[in-house]
Amino acid sequence: MQKLKEEVGRLLASRTSLEPAEVIQLLEIPPEPTYGDLAFPCFALAKSRKKAPPLIAKELSEELGGEEGLLWEKAVSRGPYLNFFIAPRAFGREVLQEVWDKGDKYGHADIGRGGNVPIDYSSPNIAKPFGVGHIRSTVIGHSLSLIYSALGYNTIGINHLGDWGTQFGKLIVSYKRWGDDSELKEDPVNYLYKLYVQFHKLVEEDPALDDEARYWFRKLENGDEEAVDYWNRFRQLSLDNYELIYNMLGIEFDYYHGESHYNQMLEEVIKLVQEKGIATESEGALMIDLEPYGLPSVMLRKKDGATLYITRDLAAAIYRYKTFNFALSLYVVGAEQTLHFQQLFKVLELLGFEWSSRCVHVPFGLIRFKEGRMSTRAGKIILLEEVLKRSIDMAREIIEEKNPDLPDKESAARAVGLGAVRFGDLSNDRIKNIEFDWEKALDFSGETAAYIQYAHARIFSILRKAGTEYTRWDDSAASLLIKEEEVTLIKTLALLPDKILASAENYRPSILARYLIDVAREFNRFYHNCPVLSSEDELKHGRLLLVNATRQVIANGLALLGIIAPEEM
RNA sequence: GCGCCCGUGGUGAAAGGGAUAUCACGCAGGCCUCCGGAGCCUGAAGUCGGGGUUCGAAUCCCUGCGGGCGCACCA
């Protein structure tokens, strides 16, 4: 597709006042394939030519006459658009060859040139169980890190654990008062969670508990041995539990730099802020006035001397810049923290860090129950681990029913079950709130990962039967594909590089996810209309090249979503 | 009170200011002597209301309504 765009870009640049790059920018895909395959909208020329766009389109098409290019065969005007029709044989050969040559790297690019991109994602709060709510940050962040890596960036996954803060005071108080060693050993995270929920229930009757919790958190900040011991224990037990889920999802972080990691840098940050003269004392607390910028002011240090979330985030941002000299720094964190990040980035700017503009908050909507928001405090939560396990169970049942002879049912069930959950989250626009629904979470029909995986498995089935006879490149075979379903599929395959790029630029893996649905759909149409194995020699070879290219596109795409493409299911 | 986000067929979603608004679930019907029917084909049904900007608005602006989120001692 890029080659076609470049060709059209050069062609139109030579006939208009525009540069090739400008033309390429303007090119779009027509809404209806019968209009053409690549459209040049003539609105941009209306001013300089002082003519109506439809007239310009008409003139351009007449100028081109019956001309044809390498990859296109005709150009016709339709309203204000000049529409190019691809030359199916040349275009098909071109696309298939590119996929063939690039293989696993088809769709990848090197726009990043090795620049560092730290991505802050997942970041659960210690001592709270890993709920479905955490899946969003986890899978969106993971997918973005895979996508940016494919574009030549050096991504750095950072799990910014919530391992510091007043909740530890609460936990210590609870554990000291009511804690039970054997219960803790048996099921650490759930037990800690139980204590946490209980604390919030009891605090309603006894508000003094809150003071006690703050007191213990201050002790922790001051390095009190007893407090630190508790903290270490709670933290490690939680980490062991998260490990399980990350293993299931195939996620590895480069760093587990939780909030506690920045403790020794906080003094320095506060000193810096004071030196810059942007901080003020107010009722014993240290504040930065952001009113002039239309934002609520922030507090860096409480009157009791304890620091806050934003103080640590400030330290973390500066640390990341010093350590990684990043090209881009992403924060995959819920939309409810949008204001916090606006404040954070503004403070960085006020500190004179030009790189503050390279910090990006990637927000997403929250997951809700029908009855309302999930609340960890109230104890209303669904564990992610449970969702994943049930999804795998469901997939196993379906495999048992539809494909009982499958040799390795377990890995297929994992691929499909885990894929369904991930895809369910990745395929929708991240900014919208999601209502959690077991039925939808465990759905394998329609626009789901299973649909894409099924196409992939079918392809493998065909390729297995075809044997090795056709596993070589052949120019003339690749030029034979001119049936409608073949051409449409080829055109779809040609879009992968654009889609990966758009996913990165918009921080939206959903663009790639939806595209893969299109690929699978076009493949299924092709499959139902164009027999492969029973075709005669050269056409069979050509179709096998197309089938193989489709396999490659699906595999490359799913890989960037962190979803396994099974050979059988 | 102030600020931010979201309103698209019955339901869930897509649509870089552009052409006749695209899918899926569900519903009604059809397709396996044929490469895997977790599939394919056909059909009914939609841009929250009102103003504006523009040659052109689901998209941008204003306003109303509905829903969500946030706003100095939580994270």
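What's counted below: heavy atoms across the whole structure, side chains too, no hydrogens, waters or symmetry copies. Residue numbering restarts at 1 for every chain, and letters A, B, ... go by the order of the sequence lines.
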Enquirer: With under 30° as parallel and over 60° as perpendicular, where do the rings of Trp438(A) and Phe436(A) fit, or are they tilted in between?
Expert: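 Plane angle over 60°, so perpendicular.
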
Enquirer: Look at Arg458(A) and G37(B) and indicate whether a side-chain polar atom (N or O) is within less than 4.0 Å of OP1 or OP2.
Expert: yes

Enquirer: Determine: side-chain N/O of Lys440(A) to OP1/OP2 of G12(B), distance under 4.0 Å, yes or no.
Expert: no

Enquirer: Give the nucleotide from the list A14(B), C74(B), C35(B) with an atom nearest to the side chain of Asp429(A).
Expert: A14(B)

Enquirer: Taking the six-membered ring of Phe523(A) as reference, does the cationic atom of Arg458(A) (NZ for Lys, CZ for Arg) lie under 6.0 Å from its centre and within 45° of its axis?
Expert: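 Pair Arg458(A)/Phe523(A) does not count as cation-pi.
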
Enquirer: Look at Lys302(A) and C74(B) and indicate whether a side-chain polar atom (N or O) is within less than 4.0 Å of OP1 or OP2.
Expert: yes

Enquirer: So, the side chain of His541(A) versus the backbone of Tyr470(A): is there a donor-acceptor pair under 3.5 Å, distance only?
Expert: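 Between the backbone of Tyr470(A) and the side chain of His541(A) there is a qualifying donor-acceptor contact (under 3.5 Å).
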
Enquirer: Taking atom P in both C71(B) and A75(B), what distance in whole Å separates the two?
Expert: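 After rounding to an integer number of Å, I get 12 Å for this pair.
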
Enquirer: Would you call C34(B) syn or anti, using the 90° rule around 0?
Expert: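 Base orientation relative to the sugar is anti.
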
Enquirer: So, OP1 or OP2 of A75(B): does either fall under 4.0 Å of a side-chain N or O from Tyr309(A)?
Expert: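 Indeed not, no polar side-chain atom of Tyr309(A) lies that close.
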
Enquirer: Out of C5(B), C69(B), U8(B), which has the shortest distance to the side chain of Ile431(A)?
Expert: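 Of all the options, the side chain of Ile431(A) is nearest to C5(B).
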
Enquirer: Less than 6.0 angstrom separating the ring centers of Phe234(A) and Phe168(A), yes or no?
Expert: no

Enquirer: Of the nucleotides U8(B), A38(B), C40(B), which has the atom closest to the Arg525(A) side chain?
Expert: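 That would be C40(B).
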
Enquirer: Taking only the P atom of each, what is the distance from C48(B) to A58(B) in whole angstrom?
Expert: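 One P to the other, the span is 10 Å.
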
Enquirer: So what is the 5' to 3' dot-bracket string for RNA chain B, if pairs are Watson-Crick or G-U wobble with both distances under 3.5 Å, crossing pairs use [ ] and | means the partner sits on another strand?
Expert: (((((((..((((....[...)))).(((((.......)))))....(((((..]....))))))))))))....

Enquirer: Mind telling me whether A45(B) is syn or anti, cutoff 90° either side of 0?
Expert: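 It is anti.
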
Enquirer: Has Lys432(A) got a side-chain N or O lying under 4.0 Å from the OP1 or OP2 atom of G12(B)?
Expert: no

Enquirer: With sugar-phosphate meaning primed atoms plus P, OP1 and OP2, does Asn125(A) contact a base, only sugar-phosphate, or nothing at under 4.0 Å between heavy atoms?
Expert: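 Asn125(A): backbone/sugar contact only, no base atoms under 4.0 Å.
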
